Novice: 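Quick one: the structure is below, and I'll ask about it shortly.
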Amino acid sequence: MQLKPDNEAIRETIRLSATEDGFRQAARLLGQGLTVAIPTETVYGLAGDARQAQAVARIYAAKGRPAHNPLIVHVADTDAARALAVFTPEAEAVAAAFWPGPLTLVLPLAPNAGLAPAVTAGGDSVALRVPAHPVARAILTAFGGPLAAPSANPSGRISPTSAAHVLAPLGGLTGRIAAVVDGGPCSVGVESTILGWDRNGSPVILRPGGIPAQALAQVLGRPVAMRDLPDDTAPVAPGMMSSHYAPDMPLRLNADAPRRGETFIGFGDIAGDLNLSPSGDLAQAAAMLFDTLRRADAMGHPIAVAPIPTTGIGAAINDRLTRAAAPR
Ligand code: TXA
Ligand code: MG
């Protein structure tokens with residue numbers, strides 16, 4: 001298959017296997033400045049060479065992502081991250097505790113980092129993550145450079161936790177990206193926790209995610225503030241818009257029972273038509289969240305969701321549900 005340098009020229013999206021051969025092919029496409037969706041332990045990411053302006057432009061184009069919303073850069077290890085950003089002792093401490101894993105750090109961009117300016121949306125900070133997924137790690141190693149990778153979904157829509165989600169005819173990226181590497185379902189299921197530091201040097205969670213706030217506070221030895229849901233007019237971290245992860249159908253939260261005609265997503269003892277975790281396990285609910293939202297959406301009726309506890313990873317689940325239910 002001949003790939004032309006425009007997204008428009010990509011007619012089909014190649015499905016690559018999670019094998020040495022698949023990793024080599026993914027690395028080759030990425031080297032050509034093309035976009036490849038790859039599995040991570042959180043969600044599938046749409047990867048491109050973070051140093052090539054054209055590759056980064058293709059990521060924004062494929063997602064329909066606003067240019068002011070910067071991308072997360074994925075690297076193989078903390079050494080590679082240190083080449084791109086200025087680390088403080090606190091950044092070192094959380095990196096040592098949680099990398100590889102579902103934690104993203106927003107740090108000052110290093111001089112001569114060599115990233116395409118669009119990756120940081122022209123800003124002077126960079127979001128960095130060392131993923132734990134063996135397939136993401138193998139592709140980073142085969143590629144040998146930093147990969148910009150937002151979640152592999154059209155901007156504002158439900159994030160993908162399987163290759164099938166990435167390739168879905170509706171709400172997917174088929175025909176808009178060169179390839180997807182199929183690494184099976186994602187084990188965490190919600191995006192990484194994004195941690196930054198405010199002007200006073202205090203740690204702030206910019207997005208709740210796979211690493212609970214309490215775990216970060218424990219390593220840092222001080223409380224970590226949770227940034228409030230910003231509204232659309234004042235995005236603190238652009239992309240943390242109030243409406244995001246949106247299904248086509250309207251969504252009602254904290255429902256004890258369905259109303260007539262609703263598809264009901266249960267949790268624990270609240271059974272529902274679908275259930276995020278019959279045993280009431282929050283890790284399982286996180287892993288099931290986006291797939292369950294997609295399946296409920298496909299039924300074509302308004303959706304109601306049972307209450308989900310806000311402890312641990314439940315904070316991230318409730319954050320995603322709140323945005324998915326927000327007025328568009
Ligand atoms: O788990 C994840 O983080 C996944 C996987 C693929 O790694 N990626 C992901 O990327 O969720 P994305 O683009 O969907 O979300 C990235 C978030 C956005 O809200 C963006 O605004 C924020 O990170 N972000 C990126 N760079 C930033 C920066 N320099 N300062 C503040 N926020 C930043
Ligand atoms: Mg996203």
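All values reported here derive from a predicted model rather than from experimental measurement. Atoms within each ligand, like the ligands themselves, are counted from 1 in listed order. The figures that follow rest on heavy atoms only: side chains count, while hydrogens, waters and symmetry mates do not.
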Novice: Considering both backbone and side-chain atoms of Arg129, is one of its nitrogen or oxygen atoms within less than 3.5 Å of a nitrogen or oxygen in ligand 1?
Specialist: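 Min N/O separation from ligand 1 is below 3.5 Å for Arg129.
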Novice: May I ask you to list the atoms of ligand 1 that are less than 4.0 angstrom from any heavy atom of His74?
Specialist: 5 (C), 6 (C), 7 (O)
Novice: Please confirm if an N, O or S atom belonging to Ser159, backbone or side chain, lies less than 2.8 Å from the Mg ion (ligand 2).
Specialist: no
Novice: If we check side chain to side chain donor-acceptor pair (under 3.5 Å) with Glu191, which of these qualifies: Arg207, Arg129, Arg320?
Specialist: Arg320
Novice: Please determine, by modelled atom types, if Ser151 and Asn153 share a side-chain donor-acceptor pair under 3.5 angstrom.
Specialist: yes
Novice: Could an N or O of ligand 1 be found under 3.5 Å from any N or O of Tyr44, whether backbone or side chain?
Specialist: no
Novice: Answer yes if the side chains of Arg65 and Asn69 hold a donor-acceptor pair under 3.5 Å, and no otherwise.
Specialist: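 Asn69 and Arg65 do have a side-chain donor-acceptor pair below 3.5 Å.
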Novice: Which one holds for Ser151 and ligand 1: side chain close, backbone close, both close, or neither close, with close meaning a heavy atom under 4.0 Å?
Specialist: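 Under 4.0 Å from ligand 1, Ser151 contributes backbone and side-chain atoms.
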Novice: Compute the minimum heavy-atom distance from Ala149 to ligand 1 and say whether it is under 4.0 Å.
Specialist: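 It does, in that a heavy atom of Ala149 comes within the 4.0 Å cut-off of ligand 1.
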Novice: Please determine which of Ser159, Pro247, Pro160 meets the side-chain contact (heavy atoms from CB on, under 4.5 Å) test together with Arg294.
Specialist: Pro160
Novice: From the options Thr161, Val135, Val166, select the one residue that forms a side-chain contact (heavy atoms from CB on, under 4.5 Å) with Pro39.
Specialist: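 The side-chain contact (heavy atoms from CB on, under 4.5 Å) with Pro39 is passed solely by Val135 among Thr161, Val135, Val166.
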Novice: Would Lys63 count as a polar contact of ligand 1, with the cut-off being nitrogen or oxygen pairs under 3.5 Å?
Specialist: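 In this structure, Lys63 places no N or O atom under 3.5 Å from an N or O of ligand 1.
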Novice: Would one find an N or O of Thr42, backbone or side chain, under 3.5 Å from an N or O of ligand 1?
Specialist: yes
Novice: With a 4.0 Å cut-off on N to O distance, would you call Asp77 and Arg137 a salt bridge?
Specialist: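 Between Arg137 and Asp77 there is no salt bridge, as every charged N stays at least 4.0 Å from the carboxylate O atoms.
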Novice: Under 4.0 Å, heavy atoms only, figure out whether ligand 1 is touched by the backbone of Arg65, its side chain, both or neither.
Specialist: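 Only the side chain of Arg65 comes within reach of ligand 1.
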Novice: Checking side-chain polar atoms at under 3.5 Å, does Asp281 have a donor or acceptor matched by the opposite partner on Gln284?
Specialist: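 No.
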Novice: Under 4.0 Å from a heavy atom of Asn69: which atoms of ligand 1 are those, numbered in the order shown and with their elements?
Specialist: 18 (C), 20 (C), 21 (O)
Novice: Is Gln214 atom CD crowded by more than 12 heavy atoms from other residues, nucleotides or ligands, each under 6.0 Å away?
Specialist: yes
Novice: Between Thr120 and ligand 1, which part of the residue brings a heavy atom under 4.0 Å of the ligand: side chain, backbone, both or neither?
Specialist: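 The answer is neither; Thr120 stays 4.0 Å or more away.
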Novice: Below 4.0 angstrom from a heavy atom of Gly45, which ligand 1 atoms are there? Numbered from 1 as shown, please.
Specialist: 6 (C)
Novice: Should the ring pair Trp99 and Phe87 be called parallel, tilted or perpendicular, given that the plane angle runs from 0 to 90° and is split at 30 and 60?
Specialist: perpendicular
Novice: Give the atoms of ligand 1, by number and element, whose distance to some non-hydrogen atom of Ile194 is under 4.0 Å.
Specialist: 17 (C), 22 (C), 23 (O)
Novice: Measure across Ala148 and Ile59 and return the closest heavy-atom pair with its distance rounded to 0.1 Å.
Specialist: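 In terms of heavy atoms, the two residues are closest at O-CD1, 3.5 Å.
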Novice: Considering only heavy atoms of Ser192, which atoms of ligand 1 have at least one such atom less than 4.0 Å away?
Specialist: 1 (O), 2 (C), 3 (O)
Novice: Closer than 4.0 angstrom: is that true for some heavy atom of Ser125 and an atom of ligand 1?
Specialist: yes
